[in-house]
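Structure first, then comments.
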Amino acid sequence: MVLEDICTSLVLWFFALIPCLLTDGVAILPAPSNLSVHSANMKHLLVWSPVALPGETVYYSVQYQGEYESLYRSHVWIPSSLCSLTERPQCDVSDDITATVPYNLRVRATLGSRTSAWSTLKQPFNRNSTVLTPPVVAISKDGFHLVIELEDLGPHFEFLVAYWRREPGAKEHLKVLRNEGVPVHLATMEPGAAYCVKAQTFVKAIQRHSAFSQPECVEVRGEALPLALALFAFVGFMLILAVVPLSVWKMGQLLQYSCCPAVVLPDTLKITSSAQKLITCRRDDEDACATAVLSAEELCGVWL
C-alpha cells in the first residue's frame, strides 16, 4: 500500500508539472544566463552562457535600450545591428552604444518556432567604464629621421606621443597624432645619439586616457659614407672634370664655325705656283712686277 501511494503521488506530480513546461502545447526554451559586458578600448562585447541542447543549433537575438529610448520612447527596445539570430553566445554592441549614457541590454534564445524569455543585463552598461590600455608602438629610423607607427584603435582615439634624446636631463617633446596605422615622422636625429619614444591613448568621447606605453629607443650611429658610395662620388667628380672642359671647347668650335665660317676659293680662282711670286712683291715694285707679267704674256704669245 505504501509503495502504491508513492507511485500514485509521483504520477500526479509529473502530470501537474507538464502544464508548467508547456505553453500552447510547446515546451518552453530555456533563456540565456550570466549576461555580462567585456569592454576594452571602446570595443564592447556582450557575452552569456549558451543554452545547451544536444544535437540542436540554438540562435540568439540581442536588443538594447539607451537613455533616450527609456525616457522618451516608452521603453522601446532596438535590435542590435550585428546580432540578429547569431549562433555565437556573444555580441559586439560597439556600434549600438553611441552615447555616454547607461544602456540596458537583453538576449533571448530561438530554436525553430520556439523562443525563450528575455534575459536582461543586471546593471546598465556605460561606455565610460571601458578599460583603456597603452597603444602598441613601433619605432624605426629612416636615415636620420625618427619614425613612429601606432596601432589602429578606431576613430575615437587620439595619441599623445612623447619623445626625447636619451641623455641626463633631456627634455621631453610632445606631439598629438590622429592618423593611426600610418608611419609618422617625429623628428630629425643627430648622428651618434639615441632617442626614446612612449605614447598613450586619449578618448575625447569619455574624457579619459590610458597609461603610457613602455619607452622604446633607437640609436643613430655616426658612420662614414660607405666605400662604394665614396668611390662612386670620386669617379663622378673626375668625369665632370673631364667632360665639362671638353664640352666647352667643342661648343666654342661650333660657335666659331657657325658665326665666322672660313672662306675657301674654288680651284679655278686659285693662283698658280708661278704667279704666287707676284704676291711677294713689295708695293714699291708693283710696276716692275706688272712689266714682268706682261713680258711673260708676250713670250707666251710668241711661242704660241
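As the structure is a computational prediction, the values presented were derived from the model and not from experiment.
With rounding to the nearest 0.5 angstrom, the CG atom of Asn34 is 3.5 Å from the OG atom of Ser49. Remark: Asn104 CG to Glu67 CD distance equals 10.5 Å, nearest 0.5 Å. Rounding to the nearest 0.5 Å gives a distance of 6.5 Å between CG of Leu46 and CG of Leu121. Atom OG in Ser116 sits 10.0 Å away from atom CD1 in Ile28 (nearest 0.5 Å). Ile97 CD1 to Met42 CE: the interatomic distance, rounded to the nearest 0.5 Å, is 9.0 Å. Atoms CG and CG, on Asp92 and Leu82 in that order, are 6.0 Å from each other to the nearest 0.5 Å.
Although no hydrogens or angles enter the test, the distance criterion places no donor-acceptor pair under 3.5 Å between the side chain of Thr120 and the main chain of Arg106. Here the side chain of Ser119 pairs no donor or acceptor atom with the backbone of Ser33 at under 3.5 angstrom. Not a single donor-acceptor pair under 3.5 Å links the side chain of Thr86 to the backbone N or O of Cys83.
Residue Gln214 places its CD atom among 12 or fewer non-hydrogen atoms of other residues, nucleotides or ligands, all under 6.0 Å distant. Atom CD of Gln123 is surrounded by 12 or fewer heavy atoms from other residues, nucleotides or ligands within 6.0 Å. Counting heavy-atom neighbours within 6.0 Å of Arg88 CZ, excluding the residue itself, gives a total of 12 or less.
Aromatic ring pairs are classed by plane angle as parallel below 30°, tilted from 30° to 60° and perpendicular above 60°; the pair Tyr103 and Tyr64 is tilted.
In this structure, His156 and Lys204 have side chains that are not in contact, with every pair of non-hydrogen atoms separated by 4.5 Å or more. Contact of the Val107 side chain with the Gln63 side chain is not registered, since no non-hydrogen atoms from C-beta on lie closer than 4.5 Å. Using a 4.5 Å heavy-atom cutoff, the side chains of Val197 and Leu186 are in contact. Between Leu111 and Tyr59, the closest side-chain pair of non-hydrogen atoms is not below 4.5 Å. Within the 4.5 Å cutoff, no side-chain heavy atoms of Gln200 are placed close to those of Val161.
No side-chain donor-acceptor contact under 3.5 Å links Asp95 and Ser81. In summary, the side chains of His44 and Ser94 do not present any donor paired with an acceptor at a separation below 3.5 Å, with no hydrogens or angles considered. Checked by atom type, the side-chain pair Asn41/Thr133 shows a donor-acceptor distance below 3.5 Å. Ser61 and Arg108 form no side-chain donor-acceptor contact under 3.5 Å, judged by distance and modelled atom types alone.
Using a 4.0 Å cut-off between charged nitrogen and carboxylate oxygen, Glu172 and Lys198 count as a salt-bridge pair.
Side-chain heavy atoms closer than 4.5 Å link hydrophobic residues (I, L, V, M, F, W, Y) into clusters, and following such links, possibly through other members, connects Leu177 to Tyr195. Following chains of ILVMFWY side-chain contacts shorter than 4.5 Å, one can reach Ile78 starting from Val37, so the two form part of one hydrophobic cluster. Phe202 and Tyr163 fall into different hydrophobic clusters, where Ile, Leu, Val, Met, Phe, Trp and Tyr are joined by side-chain heavy atoms under 4.5 Å apart, directly or via other members. Under the 4.5 Å side-chain contact rule for hydrophobic residues, Phe144 and Val184 share a cluster. In the hydrophobic cluster analysis, where Ile, Leu, Val, Met, Phe, Trp and Tyr join through side-chain heavy atoms closer than 4.5 angstrom, Ile206 is grouped apart from Val131.
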* To do: List the steps, then state whether salt bridge (Lys or Arg N to Asp or Glu O under 4.0 Å) holds for Lys141 with Glu219.
  => CA-CA 8 Å; Lys141 58 181 180 178; Glu219 183 176 357; over 6 Å; no
* To do: Determine, step by step, whether Glu158 and Thr201 satisfy the side-chain contact (heavy atoms from CB on, under 4.5 Å) criterion, reporting the C-alpha distance in whole Å, the side-chain angles of both residues, the deciding distance to 0.1 Å, and the verdict.
  => CA-CA 6 Å; Glu158 296 179 354; Thr201 59; over 6 Å; no
